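The structure presented is a predicted model; accordingly, all values stated were derived computationally and were not measured.
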Amino acid sequence: QVQLVESGGGLVQAGASLRLSCVASGRTFSRYAMAWFRQAPEKEREFVGVISWFGSTTYYADSVKGRFTISRGNAKNTVYLQMNSLKPEDTAVYYCAADPSTTGEPSRGSYYSSSVYNYWGQGTQVTVSS
């Protein structure tokens with residue numbers, strides 16, 4: 001089994017920054033793209049961003065582009081989500097997810113869909129006050 005564990009969530013004021021981490025452990029695959037999704041109360045889970053295995057490819061949702069940055073640790077099994085200029089509408093539970101493949105690239109044309117990700121973490125709460 002593969003486990004994904006997120007950390008770094010918390011309560012901050014609007015305009016502040018937070019960095020989330022996600023660590024993969026267990027029977028990990030050779031290569032996998034890793035993504036961040038979020039889910040606010042009474043809303044559907046939405047795509048935030050994704051990064052390829054080698055870190056050379058990233059995609060972001062329009063709502064976070066320019067404010068959030070995904071990066072990958074040297075050990076490749078750790079992914080970070082740097083969130084700057086946070087807004088109250090960023091309040092949600094943030095989940096990381098893994099999409100294993102031979103290339104480790106995000107799934108073309110569907111990387112924004114939660115259905116392509118086989119492994120999920122338990123989530124970490126981010127609350128942004130106004």
Side-chain angles (χ1 to χ4, degrees):
Q1 287 292 336
V2 174
Q3 294 82 39
L4 302 178
V5 179
E6 305 96 335
S7 62
L11 171 63
V12 297
Q13 290 188 331
S17 298
L18 273 177
R19 189 176 82 155
L20 306 183
S21 301
C22 175
V23 179
S25 62
R27 189 177 178 181
T28 54
F29 354 82
S30 56
R31 295 177 181 178
Y32 46 96
M34 290 193 73
W36 288 94
F37 284 76
R38 65 186 182 185
Q39 187 166 18
E42 301 183 354
K43 291 189 176 181
E44 293 188 356
R45 190 169 297 189
E46 66 172 355
F47 170 77
V48 174
V50 63
I51 188 168
S52 61
W53 172 257
F54 290 106
S56 56
T57 304
T58 55
Y59 299 112
Y60 296 94
D62 287 343
S63 59
V64 306
K65 201 172 294 183
R67 299 188 298 124
F68 291 10
T69 303
I70 295 178
S71 61
R72 201 142 191 166
N74 290 334
K76 298 291 190 291
N77 67 327
T78 302
V79 172
Y80 304 100
L81 180 65
Q82 178 66 43
M83 305 185 294
N84 298 330
S85 302
L86 282 162
K87 305 175 182 180
E89 51 263 44
D90 294 319
T91 294
V93 177
Y94 284 70
Y95 299 89
C96 69
D99 172 24
S101 68
T102 55
T103 64
E105 290 294 315
S107 295
R108 184 174 297 182
S110 59
Y111 58 82
Y112 48 83
S113 172
S114 60
S115 63
V116 308
Y117 297 90
N118 303 98
Y119 301 93
W120 291 84
Q122 83 290 346
T124 185
Q125 176 71 47
V126 172
T127 303
V128 184
S129 63
S130 57

K.L.:
For residues Gln122 and Val5, report the shortest heavy-atom separation together with the two atoms involved.
P.N.:
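Minimum heavy-atom contact is OE1-CA, 3.8 Å.
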K.L.:
What salt bridge (charged side-chain N to carboxylate O under 4.0 Å, His left out) pairs are there with at least one residue in residues 61-85, not counting sequence neighbours?
P.N.:
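Non-adjacent pairs meeting salt bridge (charged side-chain N to carboxylate O under 4.0 Å, His left out): Asp62-Lys65, Arg67-Asp90.
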K.L.:
With the 4.5 Å side-chain cut-off for hydrophobic clustering, are Tyr59 and Tyr112 part of the same group?
P.N.:
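Both belong to a single hydrophobic cluster.
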K.L.:
Run the numbers on Ser129 and Gln13 for side chain to side chain donor-acceptor pair (under 3.5 Å), then give the verdict.
P.N.:
CA-CA 5 Å; Ser129 63; Gln13 290 188 331; 4.9 Å; no
K.L.:
Under 3.5 Å, is there a donor-acceptor pair linking the side chains of Thr91 and Glu89?
P.N.:
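No, no side-chain donor-acceptor contact under 3.5 Å.
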K.L.:
Same hydrophobic cluster for Tyr32 and Val50, using side-chain heavy-atom links shorter than 4.5 Å among ILVMFWY?
P.N.:
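Not linked; separate clusters.
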K.L.:
Using 0.5 Å steps for rounding, measure from the CH2 atom of Trp53 to the OG1 atom of Thr103.
P.N.:
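Answer rounded to 0.5 Å: 12.0 Å.
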K.L.:
Same cluster or not: Val116 versus Tyr119, using hydrophobic residues (I, L, V, M, F, W, Y) connected whenever any side-chain heavy atoms lie under 4.5 Å apart?
P.N.:
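No; Tyr119 is not reachable from Val116 via cluster members.
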K.L.:
Among pairs that include at least one residue of residues 39-57, which meet salt bridge (charged side-chain N to carboxylate O under 4.0 Å, His left out), considering only residues two or more places apart or in two chains?
P.N.:
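Listed by first then second residue: Arg38-Glu46.
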K.L.:
Could you tell me whether the side chain of Ser52 and the main chain of Thr57 form a donor-acceptor pair under 3.5 Å?
P.N.:
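Judged by distance alone, yes, a pair lies under 3.5 Å.
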K.L.:
Would you mind listing every salt bridge (charged side-chain N to carboxylate O under 4.0 Å, His left out) that reaches into residues 7-25, with sequence neighbours excluded?
P.N.:
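Qualifying pairs, neighbours excluded: none.
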K.L.:
Apply side chain to side chain contact (heavy atoms under 4.5 Å, CB included) to the pair Val79 and Ile70, showing each step before the final yes or no.
P.N.:
CA-CA 7 Å; Val79 172; Ile70 295 178; 3.8 Å; yes
K.L.:
Taking Cys96's backbone N and O only, do any of them form a donor-acceptor pair with Glu6's side chain (distance below 3.5 Å, no angle check)?
P.N.:
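Answer holds: yes.
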